[in-house]
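Reviewing the structure listed below.
Quick note: residue numbers are just sequence positions, from 1.
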Amino acid sequence: IDLETNGLDPFVDDIVGVSLSVEPGKAIYIPVKHGASKKQFDMFGMDDSSDGEDPDASRQIESGKVIDMLRPLLQDEGVGKTGHNLKFDSLMLRKAGAIVRGIDGDTMIAAYLLDPSSRRYALKPLASEILGAGLKTYEDMVGKGKDQKKFSQVKIADAVDYACADVDVVLKIEPELTGKLEADGLTRVYKEIEIPLIEVLTQMEWNGIKVDNVALKMTSDKFIVEENRIRDTLKDVTGADINMNSPKQVADLLFNKIGLRKVRKDSTDIMVLEELEDEHPAVPLIIRYRHLNKLRGTYLDALPALINPSTGRIHTSYNQTLTATGRLSSSDPNLQNIPIRTADGSEIRRAFIPGSDDELLLSADYSQIEVRLLAELSGDPILLEAFEKGEDIHTRTAAEVFEAPISEVTPDQRRYAKTINFGLIYGMREFKLSQQLGITRKEAAEFIENYFKRYPNVKNFIEMTKEKVLKDGFTTTLFGRRRKIDELLSNNKMQRESGLRAAFNTRIQGTAADIMKIAMLKVHGMIEKGEMKAKLLLQVHDELVFEVKKSDVEETAAKVKKVMTGAANDWFPMKVTLDVDAKAGPNWLDMEKV
């Protein structure tokens with residue numbers, strides 16, 4: 001199944017036609033909203049937006065009738081549906097009044113699983129690569145730039161071949177792709193994680209989340225006051241009145257007027273500024289100004305325009321085929337990039353609220369899942385013991401590395417240990433560690449060496465991962481998800497090392513992503529069956545956010561925690577216990593433990 005539409009917003013744009021195919025070589029196109037004469041538009045209750053009269057327009061069926069006829073088929077779990085990017089079609093059909101059930105294939109997701117680093121999963125190139133088929137593109141039908149028309153303005157006779165070809169090639173390439181998935185051992189990930197997830201993400205995007213405009217405006221106004229104060233302070237400190245949003249003026253101030261050293265030509269990016277932060281009081285002022293200004297422009301002033309007028313909520317879009325590790329990403333708006341490690345960034349979360357006064361937001365967050373998976377995959381006895389005893393893993397690591405009793409570990413030592421516990425997952429070496437901790441490279445190297453002395457299994461795991469990826473050319477998660485590491489073929493040493501870091505990161509982060517997806521599937525299943533009274537609204541890395549009636553919060557939190565901690569049990573037994581923190585409150589920031 002495939003839809004032709006007048007745009008990409010399921011809450012605003014219309015379905016123009018539906019194409020269906022049940023066997024290769026045969027397809028039909030059902031036009032519902034192509035241009036016609038004024039008389040015919042009146043008959044179908046449509047607007048006249050055609051380039052000229054379409055002789056076939058009178059043969060259309062009104063979209064509501066088409067959906068009524070297709071609804072039993074679309075909602076029948078026993079009738080498998082295949083498409084390309086079916087989440088989009090599912091949302092459009094949901095708006096039109098039909099909930100799609102029984103999705104059992106998606107060629108875009110199949111292509112992604114086979115090569116998650118590619119990012120080239122469009123149907124036309126895939127058809128060309130697999131079948132040698134040269135298909136008309138969307139631009140061929142509607143044009144480009146300012147002359148581009150809507151698909152409803154394409155004449156039906158022209159649309160038929162284009163739309164039918166789309167569903168026909170899906171049926172033809174799907175067996176080719178699923179055969180390759182089988183050969184690569186990816187069938188279970190495809191059938192039991194990625195395909196069922198389409199329905200979950202469709203529901204989440206449909207749910208959306210309510211945003212408090214007043215809270216956004218108040219925080220924005222507060223930031224403006226602070227930005228103006230910083231601007232005045234900078235003028236007092238330097239005697240210069242500059243546009244702080246102009247990199248050229250900032251560079252002139254820092255390097256010419258003040259005379260700071262140039263770290264990288266005339267660059268004033270954040271890494272350069274952070275390196276110069278202690279060399280003049282103007283630098284931290286510029287860093288803070290930019291931080292506030294970016295938060296205001298990206299979120300506080302932008303989010304109100306993204307509130308859907310018909311639902312009063314923001315509906316982010318979840319991208320299933322964007323990251324090489326298997327993690328989900330979010331766009332329009334990106335709700336996964338709200339910085340929560342700073343008080344200013346966290347303030348934005350206060351504007352996200354439940355849909356009614358008798359509800360709360362419930363957050364369930366995996367605690368240190370990536371470090372726990374490092375313990376699981378490496379089998380390191382000290383790490384496993386620390387988690388088994390419920391110890392603070394960073395304090396325990398500091399105690400091991402600095403050879404001190406746990407009770408005597410200092411805050412700085414714990415911070416060092418936390419940095420390396422997480423840094424190892426991303427392949428951090430001494431140069432980066434020295435930068436992050438503000439110590440010399442020699443001290444950082446000694447710290448890493450001491451770490452590996454205390455945790456030899458972790459070092460062995462890293463080395464074994466490198467050896468295996470060099471031999472195979474790819475790495476896998478615990479669930480069998482694959483990622484080809486093309487950088488290993490490079491003649492450039494830095495690129496090869498980058499590839500090895502990516503391989504190790506994927507082992508950990510990709511496994512965490514798989515666990516989260518399985519948890520989402522299980523939670524969604526319980527909600528659908530009425531076993532959990534909640535709406536799943538957001539997924540942000542290791543966190544799920546729900547909308548729950550106040551009276552159901554404790555029961556729902558207990559059920560969600562049970563599901564999330566045991567998410568991997570159907571696949572394999574885990575040595576390490578997963579831990580989940582649950583909090584609830586009147587907004588996404590002000591939450592208390594449940």
Side-chain angles (χ1 to χ4, degrees), residues 108-122 125-126 129-130 176-177 179-190 193-194 319-329 370-371 373-380 420-433 435-436 441 444-445 448-449 451-452 455-515:
M108 184 174 82
I109 290 171
Y112 161 73
L113 276 177
L114 289 167
D115 188 2
S117 300
S118 165
R119 298 198 178 186
R120 296 187 299 274
Y121 312 116
L126 274 179
E129 181 185 329
I130 296 171
E176 297 279 342
L177 293 169
K180 290 178 181 178
L181 290 172
E182 180 72 30
D184 285 355
L186 289 162
T187 300
R188 193 176 179 194
V189 172
Y190 179 62
I193 298 180
E194 294 297 341
N319 309 305
Q320 215 173 334
T321 59
L322 202 60
T323 71
T325 59
R327 269 191 168 188
L328 293 170
S329 66
E370 291 178 351
V371 184
L373 288 172
L374 180 63
E376 175 74 25
L377 288 159
S378 68
D380 191 275
I420 196 168
N421 273 336
F422 285 116
L424 277 174
I425 295 161
Y426 299 98
M428 182 186 288
R429 302 307 300 151
E430 58 264 21
F431 175 66
K432 185 72 174 174
L433 185 64
Q435 280 189 318
Q436 293 230 347
R441 286 184 69 170
I448 291 172
E449 186 181 344
Y451 180 94
F452 284 138
Y455 298 105
N457 283 38
V458 173
K459 186 174 178 63
N460 291 340
F461 169 58
I462 293 171
E463 293 306 317
M464 285 171 60
T465 299
K466 287 180 179 180
E467 286 174 20
K468 186 162 175 53
V469 75
L470 285 168
K471 174 174 164 284
D472 297 338
F474 63 85
T475 191
T476 62
T477 69
L478 272 179
F479 296 83
R481 183 187 301 274
R482 280 192 184 199
R483 177 183 179 182
K484 284 194 289 186
I485 309 294
D486 293 330
E487 294 93 333
L488 299 179
L489 302 174
S490 172
N491 293 322
N492 183 302
K493 184 184 176 185
M494 287 182 67
Q495 284 193 356
R496 290 196 304 275
E497 288 180 351
S498 172
L500 289 171
R501 287 195 298 272
F504 186 72
N505 178 25
T506 297
R507 285 280 282 161
I508 305 279
Q509 197 181 91
T511 297
D514 286 335
I515 290 171

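- By the 4.5 Å heavy-atom criterion applied to side chains, Ile515 and Leu373 are counted as neighbours.
- Leu470 CG to Leu500 CG: the interatomic distance, rounded to the nearest 0.5 Å, is 5.0 Å.
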Practice item. Under the side chain to side chain contact (heavy atoms under 4.5 Å, CB included) rule, what do Asn421 and Tyr451 come out as? Steps first, then yes or no, please. Key: CA-CA 9 Å; Asn421 273 336; Tyr451 180 94; 3.3 Å; yes
Practice item. Could you please spell out the steps behind the side chain to side chain contact (heavy atoms under 4.5 Å, CB included) verdict for Leu328 and Gln320? Key: CA-CA 5 Å; Leu328 293 170; Gln320 215 173 334; 4.1 Å; yes
Check your understanding: Passes salt bridge (charged side-chain N to carboxylate O under 4.0 Å, His left out), Arg501 versus Glu487? Steps please.
Key -> CA-CA 10 Å; Arg501 287 195 298 272; Glu487 294 93 333; over 6 Å; no
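- The pair Lys180-Glu129 fails the salt-bridge criterion, with no side-chain N (NZ, NE, NH1 or NH2) lying under 4.0 Å from an Asp/Glu carboxylate O.
- No more than 12 heavy-atom neighbours from other residues, nucleotides or ligands sit within 6.0 angstrom of CZ on Arg120.
- Taking the six-membered ring for Trp and thresholds of 30 and 60 degrees, Tyr112 and Tyr121 have ring planes more than 60 degrees apart, a perpendicular arrangement.
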Practice item. Decide yes or no on side chain to side chain contact (heavy atoms under 4.5 Å, CB included) for Arg481 and Thr476, but give the supporting numbers first. Key: CA-CA 5 Å; Arg481 183 187 301 274; Thr476 62; over 6 Å; no
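- Here the shortest heavy-atom pairing between Glu182 and Thr187 reads OE1-OG1, 2.8 Å.
- The closest side-chain donor-acceptor pair between Ser329 and Asn319 falls under 3.5 angstrom.
- From Glu370, atom CD reaches atom OG1 of Thr511 across 10.0 Å, with rounding to the nearest 0.5 Å.
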